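What follows is a set of notes on a single structure, which appears directly below.
Remember, it's 1-based here, ligands and their atoms both numbered in the order they're listed. Computed from a predicted structure; not experimentally measured.
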Amino acid sequence: MGDGLTRTDFLIAGGGLAGLYLAYRLEQAGIDYLIVEARSRLGGRVLSVPASDTDSQTDQYDLGPAWFWPGQPRLQHLVNELGLRVFPQNSDGNLVFQDREGTIQRDLQYSTMAGSLRVSGGFGCLTEGLSRRIPTSKILSGQKVTKLSLSRHGVRTTIQGDDREAEIGSSTVALAVPPRLAAQSIEFEPALGKDAINAMRSIPTWMAAHAKVVAVYDAPFWRDAGLSGDGISQRGPLVEIHDASPATSTRGALFGFVGVPAPIRNSGNYDLAHMAVEQLTAMYGSKAAQPVTVLVQDWAREAFTAAKDDENEQLQQHPEYGTPPSLTHLWDGKLCLASTEMAPTFGGYLEGALETAESVATKITRNRRS
Ligand SMILES: Cc1cc2nc3c(=O)[nH]c(=O)nc-3n(C[C@H](O)[C@H](O)[C@H](O)COP(=O)(O)OP(=O)(O)OC[C@H]3O[C@@H](n4cnc5c(N)ncnc54)[C@H](O)[C@@H]3O)c2cc1C
């Protein structure tokens, strides 16, 4: 075509779990593709980090997803394929309950997450494992997609790095980006129909308004006191607490979801780390006052996860996700959406990211064969 454009057959915008898994499937099918990822790291909402940059231990703590569940077949299969170790969420011991006034009960024989499964080393091992199976030449990170233009030959994608813009031509584009964020941050030429844009804007990004605090300790001391690590608080700032201890070290960790809505916690001088440690000390005893470190991740502040409208929607239940009819055949099939929010069965979950990616990969490989 001689227009000097970089070309690929299939452009994947977004290197979260959905984008990476889609790439992995295309790699296996021998189809040409390129991932364009806005952040300098891969994984998107999957984020596992060490206690600190200088920590001598190799433990990683999940600041995004922490669990998957029996009955999620794709995830189980992928975990096996990548040779990752799975272990059960700790559920031995009592739950701690804190009421609005701060009164504590430690004798509740109830587990909120029994049966949930964790990945040793954190879910970052999943996205790292996938990215290791994708040639580095097929990943452009630190480059955000800013514009998609329908052209005679397919789609022209404008990408923007630190200091320059470039264009990539492809026959098809998969937006493995939360749909609400895509509607807010990507220009479409010609503009998508009203129904499509309204549908994209109306789909909340799962967990985008949430924040998580992980307190890391020398040991899981609460277990010695007959506590599982599970906690429920009506007082906060943490409203739901769980054991997040690594599988392979002597360290212990507690993580909590923050109940303070994003607009409030991000408007004032909220010292979440300090407040969380005070609360954990009240609930789990004086040893909780001495963490090795406290990790705070506020997803509402992440420009490549949360759209503006997500900030006010701290969802507690999975909405009904799936791909609405107005988003099923965009630009004659040259543009498709591929984040977890598009998954009909497991929308919002990690399994949903795999479900959507698998469905897109199956369509592409089938089309190539016919
Ligand atoms: C705190 C928290 C807890 C969770 N807990 C669980 C759990 O326990 N179990 C579970 O199953 N699920 C959980 N989830 C949900 C799970 O993380 C998601 O379902 C999954 O990671 C979504 O993957 P994705 O690839 O669809 O989207 P994302 O991970 O959001 O990936 C989208 C990617 O697109 C990139 N991007 C955005 N804009 C652009 C652009 N313009 N150009 C290029 N790239 C762009 C982003 O940087 C990102 O890498 C949790 C999520 C959070 C935040």
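Residue-environment remark: CG (Asn198) exceeds the threshold of 12 foreign heavy atoms within 6.0 Å. Counting non-hydrogen atoms of neighbouring residues, nucleotides and ligands closer than 6.0 angstrom, the NE2 atom of His318 exceeds 12 such neighbours. More than 12 heavy-atom neighbours from other residues, nucleotides or ligands sit within 6.0 angstrom of NZ on Lys334.
Nearest to atom 45 (C) of ligand 1 among the protein's heavy atoms is Ala38 CB, 3.6 Å. Nearest to atom 35 (C) of ligand 1 among the protein's heavy atoms is Glu37 OE1, 3.3 Å.
Side-chain polar atoms of Thr112 and Glu240 form no donor-acceptor pair below 3.5 angstrom. A side-chain donor-acceptor contact under 3.5 Å links Tyr24 and Glu81. Inspection of the Ser48 and Asp62 side chains reveals an N or O donor paired with an N or O acceptor under 3.5 Å.
Close approach of ligand 1 to Leu17 is summarised as follows: ligand atoms under 4.0 Å from at least one heavy atom of the residue are 25 (O). Applying the 4.0 Å criterion to heavy atoms of Trp67 picks out, from ligand 1, the atoms 7 (C), 8 (O), 9 (N), 10 (C), 11 (O). Atoms of ligand 1 found under 4.0 Å from any heavy atom of Val46 (numbered from 1 in listed order, with element): 21 (O). Annotation for ligand 1: atoms under 4.0 Å from non-hydrogen atoms of Gly44 are 29 (O), 48 (C), 49 (O). Heavy-atom proximity to Thr340, at under 4.0 Å, picks out these atoms of ligand 1: 19 (O), 22 (C), 26 (O). The distance from ligand 1 to the heavy atoms of Ala66 drops below 4.0 Å at these ligand atoms: 7 (C), 8 (O).
Contacts between Val36 and ligand 1, counted as non-hydrogen atom pairs separated by less than 4.0 Å, involve the backbone only. Neither the backbone nor the side chain of Ala208 comes within 4.0 Å of ligand 1, counting heavy atoms alone. With a 4.0 Å cut-off on non-hydrogen atoms, Arg45 touches ligand 1 through its backbone as well as its side chain. By the criterion of a heavy-atom distance under 4.0 Å, neither the backbone nor the side chain of Phe68 is placed next to ligand 1.
Of the charged side-chain nitrogens involved, at least one lies within less than 4.0 Å of a carboxylate oxygen, so that Arg74 and Glu358 count as a salt-bridged pair. Taking 4.0 Å as the cut-off between side-chain N and carboxylate O, Glu313 and Arg180 count as a salt-bridged pair.
Using cut-offs of 30° and 60° for the angle between ring planes, the Phe257 and Phe255 rings count as perpendicular.
Look at Trp69 and you'll find a heavy atom under 4.0 Å from some atom of ligand 1.
In terms of polar-atom proximity, defined here as any N/O pair under 3.5 Å, Val145 does make such a contact with ligand 1. In terms of polar-atom proximity, Leu181 is not counted as a contact of ligand 1, lacking any N or O under 3.5 Å from an N or O of the ligand.
For Trp206 and Phe346, the gap between ring centers reaches or exceeds 6.0 Å.
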